Protein chains: 2
Amino acid sequence: MSKLADTVVARLRAGIVDGSYPPDTRLTEAGLCRDFGVSRVPVREALRHLEAEGFVVSRPYAGVRVVRFGPDEAADLFAVRTTLEETTARRAATRVRDGDLPGRTEHLRDLVAMGSAALRDSPDEVAALNTSFHATVADLSGSTVLVSLFRQVAAKIEWLYAMDVGVRGPHSWSEHAAIADAVAAGDPDLAARLMGEHVQASLDGYLLRHAPS
Amino acid sequence: MSKLADTVVARLRAGIVDGSYPPDTRLTEAGLCRDFGVSRVPVREALRHLEAEGFVVSRPYAGVRVVRFGPDEAADLFAVRTTLEETTARRAATRVRDGDLPGRTEHLRDLVAMGSAALRDSPDEVAALNTSFHATVADLSGSTVLVSLFRQVAAKIEWLYAMDVGVRGPHSWSEHAAIADAVAAGDPDLAARLMGEHVQASLDGYLLRHAPS
DNA sequence: CGGCTGGCGGTTGTATACATTCCGACCCTG
DNA sequence: CAGGGTCGGAATGTATACAACCGCCAGCCG
């Protein structure tokens, strides 16, 4: 929509995701105005946007707080992500099989290569590449609705990962490679199954780290 | 979030859905201020919210327009809705099977009864009851993420139906009854399959009406 | 000691002013 | 007459100021 409000959304979301604004933080409009050097109108619009995305909650006349994000919400999020991404992978592979996609699967393989390389060279870029990989699959599905729903889930997944420190098992990119192959080969069932297992593995890893019970 | 902006969101969305603001309508902030008797700030926040929901698009400095909504978008929407609702039905039935839900399936059967009755008595309430039925299944799934994603899709589905005049085949509520039975019986696979077929039938009906090709 | 009331901080709603950008009409030229 | 460029109005984006309202908390009174 507007220029400034969008940058405030991006910066504030980044601040929430990277921990500058931890969960339960009370966000005052005046404080954010100081933080970002803008006036209240863009801040208000940004807060409303982030509320729609589920990063903050706002009780009328009682301020805006960063939401808590515990294992329960994480499990819920991963469960939804599983069905969502199985669908993106299945539809992407279907479109490849039907020839609806001219050589657009190249990009996917490039991302896998870059991700594998980044595992050694620049570990801090791995998370972004991971996001790009999944976003690309969603894009290949050709469904704008799917893309927009996925974006919302992905933003929170990113948050989840940012709260952990040195996660992301290295095996992750071999799974990505297998998914890319299945999509490029136009095998919907295989792509969906691999994607489902991949997401499930991520969830298992997360729960393993955060389930002392 | 805020009181006033929320009412503006609700009223404006209702206006879009019921056709008071047809697709491609240019929405000027000043005009909406007059229409609703509020100042520009709540209007701006409402427009931003509706943009996030996908009801309007906004090019910077070029105004806000109600989005077009054709058969392509409808097919896309229904496809996503299918996977989403298969998941809600499956999870709801799973929770029933595992005993996580004390007698909350009563409500579902009540809705089916009310819907069947409304088919004869008050046809204009059928759409709302249909929405309630699907929202209740989503609620029974126990996933807040799923509920929030479903809400977004449901709002647009409602819009779709509002643009048609006398649709909704009467068989719809017998399908609802079957779904309610499957959920209440705790049969995840059956519930998911029935829900998928139900949504597919809706899509087929829609395409039949809007596909002259 | 407990309930109530007052003030205060903060949010929300509104109004106004100004900068920026876009759209469309008009005019000029070939 | 056709095409393109330019200018002006209009709408958006932003900032600031101010009034009204709510929730929290401390202090007071019973």
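Fair warning: this is a prediction, and the values are worked out from it, not measured in the lab. A, B, ... follow the sequence lines: proteins, then strands. Residue 1 opens every chain.
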Subject >> Of all pairs that satisfy side-chain hydrogen bond (donor to acceptor under 3.5 Å, both in side chains), the ones with a partner from residues 16-25 of chain B, not counting sequence neighbours >> reply: B:D18-B:S20, B:Y21-B:D35, B:D24-B:R68
Original post:
Do any pairs count as a ring-ring contact (aromatic ring centres under 6.0 Å, His included) and have a residue in residues 98-123 of chain A, sequence neighbours left out, and if so which ones?
Top reply: none
Original post:
Of all the nucleotides listed (C:dT11, C:dA15, D:dG13), which has the minimum atom distance to the side chain of B:E29?
Top reply: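 For B:E29, the side-chain atoms sit closest to D:dG13.
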Under the side chain to side chain donor-acceptor pair (under 3.5 Å) test, which residues partner [X], sequence neighbours left out?
| X | result |
| --- | --- |
| B:Q152 | A:Q152 |
| A:S39 | none |
| B:R26 | none |

Rounded distance (Å) that lies between atom [atom2] of [N] and atom [atom1] of [X]:
| X | N | atom1 | atom2 | answer |
| --- | --- | --- | --- | --- |
| B:L47 | D:dT12 | CG | C1' | 11 Å |
| A:E51 | C:dT12 | CD | C1' | 14 Å |
| B:R34 | D:dA10 | CZ | P | 14 Å |
| B:E45 | C:dT14 | CD | P | 11 Å |
| A:L32 | D:dA15 | CG | C1' | 17 Å |
| A:R65 | C:dT11 | CZ | P | 11 Å |

Original post:
Given that A:P42 and B:L27 both sit by DNA chain D, which one's nearest nucleotide is further toward the 5' end?
Top reply: B:L27
**OP:** Please work out which of the three classes, parallel, tilted or perpendicular, describes the rings of B:H134 and B:H198, given edges at 30° and 60°.
**Re:** parallel
Subject >> Letter per nucleotide, 5' to 3', of nucleotides 18-25 of chain C [B base touched, S only sugar-phosphate touched, - untouched; heavy atoms, 4.0 Å] >> reply: --BSSS--
